[in-house]
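Everything below concerns the one structure shown next.
Predicted, not measured: the structure shown is a model, and the values here were computed from it.
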Amino acid sequence: MENTLITGLYVSVISMAVTFIALGILIGVMYALLAIFPDKSKQVAGESDESVAMIEEPEVDEKANQELAVAMAVGMALLEHQGAFDAKDPNLGKLLE
Amino acid sequence: MENTLITGLYVSVISMAVTFIALGILIGVMYALLAIFPDKSKQVAGESDESVAMIEEPEVDEKANQELAVAMAVGMALLEHQGAFDAKDPNLGKLLE
Amino acid sequence: MENTLITGLYVSVISMAVTFIALGILIGVMYALLAIFPDKSKQVAGESDESVAMIEEPEVDEKANQELAVAMAVGMALLEHQGAFDAKDPNLGKLLE
Amino acid sequence: MNIDSLLSLFAAPLALTWQKAVMIAIGLVLIYLAIAKDYEPVLLLPIGFGAILANLPLTGITESHGFLGVLFEAGVANELFPLLIFIGIGAMTDFGPLMENPQLALLGAAGQFGIYSTFMLVLLLDKLPFISFSLAEAASIGIIGAIDGPTAIYVGNKLAPHMLGAIAVAAYSYMSLVPIIQPPVMRALTSDTERRVRMPYSQREISKTARVVFPIVVIIVVSLLSPQASPLIATLMLGNLMREAGVVDRLRFAAEGEIANVTTLFLGLAIGGTMKGEEFLQVETLIVMALGLLAFILDTFGGVMFGKLMYRLSGGKVNPLIGAAGISAFPMAARIVQRLGQEYDYDNFLLMHAMGANTAGQLGSVIAGGVFLTIMLGIV
Amino acid sequence: MNIDSLLSLFAAPLALTWQKAVMIAIGLVLIYLAIAKDYEPVLLLPIGFGAILANLPLTGITESHGFLGVLFEAGVANELFPLLIFIGIGAMTDFGPLMENPQLALLGAAGQFGIYSTFMLVLLLDKLPFISFSLAEAASIGIIGAIDGPTAIYVGNKLAPHMLGAIAVAAYSYMSLVPIIQPPVMRALTSDTERRVRMPYSQREISKTARVVFPIVVIIVVSLLSPQASPLIATLMLGNLMREAGVVDRLRFAAEGEIANVTTLFLGLAIGGTMKGEEFLQVETLIVMALGLLAFILDTFGGVMFGKLMYRLSGGKVNPLIGAAGISAFPMAARIVQRLGQEYDYDNFLLMHAMGANTAGQLGSVIAGGVFLTIMLGIV
Amino acid sequence: MNIDSLLSLFAAPLALTWQKAVMIAIGLVLIYLAIAKDYEPVLLLPIGFGAILANLPLTGITESHGFLGVLFEAGVANELFPLLIFIGIGAMTDFGPLMENPQLALLGAAGQFGIYSTFMLVLLLDKLPFISFSLAEAASIGIIGAIDGPTAIYVGNKLAPHMLGAIAVAAYSYMSLVPIIQPPVMRALTSDTERRVRMPYSQREISKTARVVFPIVVIIVVSLLSPQASPLIATLMLGNLMREAGVVDRLRFAAEGEIANVTTLFLGLAIGGTMKGEEFLQVETLIVMALGLLAFILDTFGGVMFGKLMYRLSGGKVNPLIGAAGISAFPMAARIVQRLGQEYDYDNFLLMHAMGANTAGQLGSVIAGGVFLTIMLGIV
Ligand code: NA
Ligand code: NA
Ligand code: NA
């Protein structure tokens, strides 16, 4: 009668233990990976804008690019319409970045 | 014992022959197509920017277009930032809407 | 012999009737929906360009957006090329091509 | 052995019967219409292509493990593809213009007149000697009058799968001919006064809630009235619900985009693959094509005549031309109405009303198809 | 005959049992929650929609050749859909924050406490009269505590396929309630001092090689420890490998995009299609829903208590709140930790650490689910 | 019971035979080559990944209801995936350069020399003691010389499905090695004078009609000559027709995009899944790999030698180097020709002619594969 309870407890304890062991092993794996493959590309910050752009570009996905393009084009059109060009607003550059 | 070798040689020779025949026929097909459907749109080069753009547009695939848009928008934004525009044409805004 | 004709007529009449009934019910449904869920966002027209743009944006689908961006960017590039901007940077046109 | 297998190289040309050759020619014509005439190219090109492949001898391409056979089993035999396409169509459809003028919904019922009248005509033809159509076949031909590809394929596949190719070709070919088929019928049935009726644009705005609730209610009502219509109306309205919900745009764009595109290509190829010369080239197919054309005309007749009835009942406030948009054939039929109206009165803008009737026609096609199928399956 | 088939038009409304009606109402509620409350809409909308369709009478839509039946066979019965979704999830997951603080991985084990405690609770309930759950059913309910939809569906389908609908609904509904369920538990278990602990941001950069090797090693380790977890962890890590590899971006974007979107839609519809009134509306379902909620609470309890243990052992350097992110529910749980932390100390930025615990929770959920399944399949 | 099921936790490591371990290592090498060396990563990464999964013990992932088993049945067993990929390849191929110089087509036939010579070599090896290959196996190894992944997989699966993994790995691995394999062969076979031949650029413009008609005629001609080639050539040319038609761009982009990407991922995984240690690690596999490499060399030999023949016959107007592009391996082989030509004469632009030979090689590979298959199926 109590059989399923005991089986259940047994299953629970083993499962929990194995899960902790597995994640414990993964901790070891991660430390090992960090030790074996240290990051060599200690990036010297602020070297040049282009280099940063080139490095980061693969991270930006296509959609983001498209949205950016839409945003920029729309933004420029609106600004243009409002006569904001002929750059009287010195913040325009920042705004568009 | 030698049977598979002979069969194999037979298969090889026939296959190679048929492949050459097939591509030979395709040569005939291509010459026939060039003769039957000559290119009428003998393009007069450098007539106007618009016509070239129109003709070539179908060739450009979507992604290229998007990248172009991104490139253009970013380029313009950067130029803008540098104060290069200074829009004198008041219709520009409307045109872009 | 005439059996299929009679059956057919019977099927036709019933089908047509049910179709009219169904669409009749949908008319009732639509009037009910309009009554139960009236539009509260009675839009004050012409308030500002931005608000209109924001409201309409969800309707414009992605591709249209991209095409718009392409169109805008290309349009601007062409205008630029034609000297409409009065480019102070003589390389600008080339740059955008 | 050697001579035998050498001969096997000529086996294919020798197996090219005149029926296969004719079907290859038909496939070429369909591709020509698709490319040169822009007749529903996304469907007629794959259908024509599939027809060519199905009739090249000895390729095994339409067998159960062949390329077209696999596509057929994957999505035509079980009607999955037309339903998936419907999700995409629903996602692209705006029922706003219909909800602004609910009474236009009746035009969507009237525009299905061609289904029943064509069905009856086939049953009459069956009485002629040498011509024989079963009740199910007659119904499958009639359903071309739904003027809606996925509905015609769905119903046709349930009732007379052997006629699927002819039905699909008729449905999609004539769809492209709507701008040629409809105007003469519309002119013949209406008076100059009727065609000049202007219809004011309803200023009613539809709330988002109403737009969201509408597709769900439509599914429940239609499914209870006609259970066989449920998969069709449910997929159409699922797409529309995803459109109006606003919170599942990545599903909506997947439905409109990749699901619709991939499925359209596969559906076209697989249907073309059913068009085998020996079965397709029969008098019956010619009759299907002829009656399919008639169904389009009779649909337009039904729509415009009901438009005239509404013109009378409304005291001249409804322009009967918009009835022609009730056949569905979205959005072509609506544009034809707009153009014909402007021909007689340049400042007459019927487009929004025609769009309402047109989306009603989409609903009407699905409902009529489903009801027809429900009753037929009860009888056959 | 005529009267019979006329009556057939009313067959559907007559076959609408109260159970079906209630299920349609439940489907409407799920859609309402999806749209109006933004509760995991990409899943709850299709699930609710599928539930409505499955309970409209006589449509045949869930039968083996019906629309939902075809989708079910194509990707739920064989667990293909949850695995494909995992490829997309892996492609969107950044294990960087976890690799910067590897010891956070233990929180991902602790955050699965709800699985076992809920499982035991069900076995206790089974001892009550009138309530009966098999060991496999108890395990399926417990697995809701993985707080990970694909894992719950994968394990549930293997152990108790008849409960799949209830499990999926519980998993996804409560997932949306995480911002409501977790904070009270987190506040109750922690002291003010504990909640204010600041954790410095590790400046460690992870090399690309380490990032690429990590998913592969995880697969091998986990598969050897728990073979039944292999498909789950392998698909999750395949997505991550494609992300970090950098050379297969078109596969990666396909996994994140079309594969994930199309599969999510189909999975939701097919699971909704399993929720048939006659089977779903039982006391057992209510218990599943109630215990599922409890599993979420017990998971949070496990995570935070283990966080407190780490706080002690580290001499106060670990903020116990981040334990709450160990339950998975990515990335919501991590954001809740950040928000709650800031409530007590505005300048406290726990987000990166919480993200580490959160991705550990994702790993922990999959591993725990797989281990649980491996042991259960050895017993049942 | 308890001890048994505790032991079951160690069942997987205990079941890890040396064959499985070696295969996992091979999978890791393939992934390394894909990521670090950029060797056809979109295929070698999934293949390597599938190989690892297939050799982790007790996961059941390659069984008929396992993840890789389901993918295999869905698209490899019925050859659907390679055909779908061909639609995408066709949509990306421009036959313009070939149509401008039709006679280049013969180089596409000559570039298949490796198929037959390798096939004969295998039959010779079969005469050695301890080595045994059937005619069908020999043909499957020869087909690696098509240097075209989908063709090799399609033909290999029909003739010797148990060798599919080795064939696919050879085909795709060596494809990436083309820049290393070809140049020495090209240099050894040509004289300095031959390598410096300049070929004028044809100013011929190809009309849109000719571009549209070409793929259709190719299908009909090739299918009649070799029915077994029909599915391959038909899918390749369907993609090209959609490209040139201009009216079905949404189908074309679906073919190039989602269809190609999703299918490539699934195909790679499923093929990797066939590489089970116990079957794969045999002397035969080593022979397949060695002969596959030889097939690439012999293909280049065939192409360049025929190029030399054309050089003679044309009175020195044809640069024999472009023959190397006739092996297919699009577009790598064409770029190698251009680079090598420029090495000897910086102002020599052979690229367009090489591209023509290269697309001819694509056609030649498919045709040769299909013809070979047609004749073999008639004999076996
Ligand atoms: Na219609
Ligand atoms: Na979890
Ligand atoms: Na080749």
Tell me, side chain or backbone of [X] under 4.5 Å from chain D's heavy atoms, or both, or neither?
X: F/L238; answer: both
X: F/T209; answer: neither
X: F/V213; answer: neither

TODO: Taking heavy atoms only and a threshold strictly under 4.5 Å, list by residue number the residues of residues 76-87 of chain D that touch chain F; give 'none' if the list is empty.
DONE: none

Task: Residues from residues 59-75 of chain D approaching chain F under 4.5 Å (heavy atoms) - done: D/T59, D/I61, D/H65, D/F67, D/V70, D/L71

With a 4.5 angstrom heavy-atom cut-off, could you sort out which part of [X] is near chain F: side chain, backbone, both or neither?
X: D/I35; value: both
X: D/A34; value: backbone
X: D/Y39; value: neither
X: D/L53; value: side chain

About how many Å separate [atom2] of [Y] and [atom1] of [X], when rounded to the nearest 0.5 Å?
X: D/F49; Y: F/T235; atom1: CZ; atom2: OG1; answer: 8.0 Å
X: D/N261; Y: F/E258; atom1: CG; atom2: CD; answer: 6.5 Å
X: F/L241; Y: D/L45; atom1: CG; atom2: CG; answer: 5.0 Å
X: D/I24; Y: F/L224; atom1: CD1; atom2: CG; answer: 6.5 Å
X: D/I52; Y: F/S230; atom1: CD1; atom2: OG; answer: 10.5 Å

Open item on the list: Could you check whether any side-chain heavy atom of F/I259 comes within less than 4.5 Å of a side-chain heavy atom of D/L265, counting everything from C-beta outward?
Closed with: yes

Task: Closest approach of D/V42 to F/L251 (non-hydrogen atoms, all atoms of both residues) - done: O-CD1, 3.5 Å

TODO: Please report the shortest heavy-atom distance between D/A12 and F/P227, naming the atom on each side.
DONE: CB-CG, 3.6 Å

